[in-house]
Amino acid sequence: MTEQVRVRFAPSPTGHLHIGNARTAIMNWIFARHSNGVFVLRVEDTDMERSSEVSEKSILQDLRWLGLDWDEGPEVGGEYGPYRQSERLDLYKKYTEQLLKSGHAYHCYCTPEELEAEKKQALAAGAPVMYSGRCRTLTQEQKQRFEAEGRKPVVRMKYPEQPLSFTDLVKGELSFPPESNGDFVIVRADGVPTYNFAVVIDDGLMRISHVVRGNDHVSNTPRQLAVYHALGWNLPAFAHIPMILGPDRTRLSKRHGATSVDMYAQQGYLPEALINFLSLLGWSSESGDEILSVQRLIEEFDFSRVSKSPAIFDVEKLNWMNGVYIRETDPARLAELCLPYLKKAGYKLPEQPVLEKIVAAVAKSMERLEDVIARAELFFTDDIQPENEEAARFLNKETTQKVFWSFLRQLDRIEVLNADTFRKIMKTVGQETGVIGKDLWMPVRIALTGQAHGPELPAVVEIFGKQRCYRLIKSRIIE
RNA sequence: GGCCCCUUCGUCUAGUGGUUAGGACUCAGGACUUUCAUUCCUGCAACAGGGGUUCGAAUCCCCUAGGGGUCACCA
């Protein structure tokens, strides 16, 4: 029987959920759901300086917003906990001692200053930059002398002298010669383990079957292999997914604009759209389809279709895709989603049915939910004025006044004004005045909305109602 | 600089020895329409370069160039 698939997403709580990390989380989650496996969330907070509870909270919130639920981890528990590295220190200690005893690791007393000097020298000489390993052979006396000086040692792993290799699910066979790494620190002077050590202990103990992570971790992998081997543990499968780059082909960062999930959420990107878009950065459906539901992503996901090369984050395409999702959203939910933005704009909100109509009227031209503020403004202001010269010109056409007069006459004869009756009115106005096309519609549009471009007039008019339309047209009549 | 990896339209990608190199976004043009938007149609646009292997290479091998990653008591 095949072993249960267990994957993990292991963010460090040092800020918001980054777009790149979000994509990693998404692929892990999708793969877990695809395989009927377990999705573990583990908080890598061994960097005491930079980690914070606030960050952890926000990352958890962003994951939930995306719809990525975890089966084990903070706030849900699980049998392989605890799920914060800061709460697993005794575990790391146990295995550190084991490695020390077995001779795979040793104490190193070099000071940061000494290391820095060594590094500078190597750099100047054009030699490879790595630790010399000189503390490997310290005698008892030397160690005691360092201790007496008050030096706190770190623990270093002896990097093996054989090539280290593994098979990556997306990149294939990968091999690293011994000279590609030196002895690396696994426990800091303060006793806290470093990433490359803790990650192995945790993945091993948590029975992680597939390590799915960003390509920036490829070069870390041989160091981790060394730990696995020293411990005599079985290797998980590795899958290194391509990185996400900015338009300038460098690592996606603040310079490129919004880089965290919460910023996209704020601007009004839908979680489904973000999931869909991010999934397609480095993966493609065999069908060639691009608009893919979460359900389909789960069904179709496969590492064999993950690309090896980095992908550039293209906001234009995200915008398009988000627009597709907005247009597919039913009016009730869309109204609900737009509500926070309308409130923020300070608009006086109407009844739910009217709100839904407003949102539906402008939805076609929206790429982000925040667009609703500008698009729907005309429904929330009483002061309708031509927005520019182009608009004002239609008001001054010689045929305009008779169109308005006719329009008001027709309006008087109607009970309720809705999209249908409005169309009928316009038809009659056209016949009565002999004015057609733009000259007929534009003056009405400008008088009612102030804008030469905007949502379909019948929809606008239905939302406005008879009173408001009457008033607005009347106000444009020159006696 | 050492080590590892990558390279198809501007961008995301399909493609696993024989295709008019396909799709999507963007852009341009057109149709629809009272405007914008939506929708639909059409078009522009790519195998980094050079050597091999082969009857035949985007597909296999080598070299060059370009790009990315990493070399922390960050993760």
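Hydrogens, waters and symmetry mates play no part in the numbers below; they use all other heavy atoms, side chains included. Keep in mind that this is a model prediction, so the values were computed, not measured. Within every chain, numbering begins at 1; the chains are lettered A, B, ... in the order of the sequence lines, protein sequences first and strands thereafter.
Nearest to the side chain of A/Asp216, among B/C12, B/C6, B/G69, sits B/G69. Of the candidate nucleotides B/C6, B/C4, B/G15, B/C6 has the atom lying nearest to any side-chain atom of A/Lys308. When each of B/C4, B/U34, B/A75 is scored by its nearest atom to the side-chain atoms of A/Asp47, the top-ranked nucleotide is B/A75. When each of B/C73, B/U13, B/A75 is scored by its nearest atom to the side-chain atoms of A/Ser307, the top-ranked nucleotide is B/U13. For A/Ser180, the listed nucleotide lying nearest its side chain is B/C3; candidates were B/G68, B/C3, B/G1. Between B/A72, B/G69, B/C71, one nucleotide has an atom nearer to the side chain of A/Ser219 than all others, and that is B/G69. Proximity note for A/Ile312 (side chain, C-beta onward) versus B/C3, B/C12, B/C73: the nearest is B/C12.
Side-chain N/O atoms of A/Arg213 and A/Thr24 include no donor and acceptor closer than 3.5 Å. Side-chain atoms of A/Asn396 and A/Arg393 form no donor-acceptor pair, as typed in the model, at a separation below 3.5 Å. Side-chain atoms of A/His210 and A/Asn28 form no donor-acceptor pair, as typed in the model, at a separation below 3.5 Å. In this model, no donor atom of one side chain and acceptor atom of the other lie less than 3.5 Å apart for A/Asn276 and A/Ser279.
Of the residues in residues 313-326 of chain A, those placing a heavy atom less than 4.0 Å from an atom of RNA chain B are A/Asp314, A/Glu316, A/Lys317, A/Trp320, in numerical order.
With P as the reference atom, B/A46 and B/C6 are 25 Å apart, rounded to whole Å. Here the separation of B/C25 from B/C73, taken at their C1' atoms, is 46 Å to the nearest Å. Spacing between B/A58 and B/G49 at atom P, rounded to whole Å, works out to 11 Å. With P as the reference atom, B/G43 and B/C36 are 24 Å apart, rounded to whole Å. Taking atom P on both B/U7 and B/A31, the two are 43 Å apart, rounded to the nearest angstrom.
At the heavy-atom level, A/Arg50 lies under 4.0 Å from base atoms of the strands shown. Residue A/Ala311 is in sugar-phosphate contact alone, with no base atom involved, counting any heavy-atom pair closer than 4.0 Å across all strands shown. At the heavy-atom level, A/Arg445 lies under 4.0 Å from base atoms of the strands shown.
Residue order along RNA chain B, read from the 5' end via each residue's closest nucleotide, puts A/Gly282 first among A/Gly282 and A/Gln451.
A donor-acceptor pair under 3.5 Å links the side-chain atoms of A/Ser307 to the main chain of A/Ser309, judged by distance alone.
Across all strands shown, the partner of B/A24 is B/U11, judged by Watson-Crick or G-U wobble contacts whose two distances both fall under 3.5 Å.
Atom pair A/Ile59:CD1 and B/A75:P shows a separation of 14 Å (rounding to whole Å applied).
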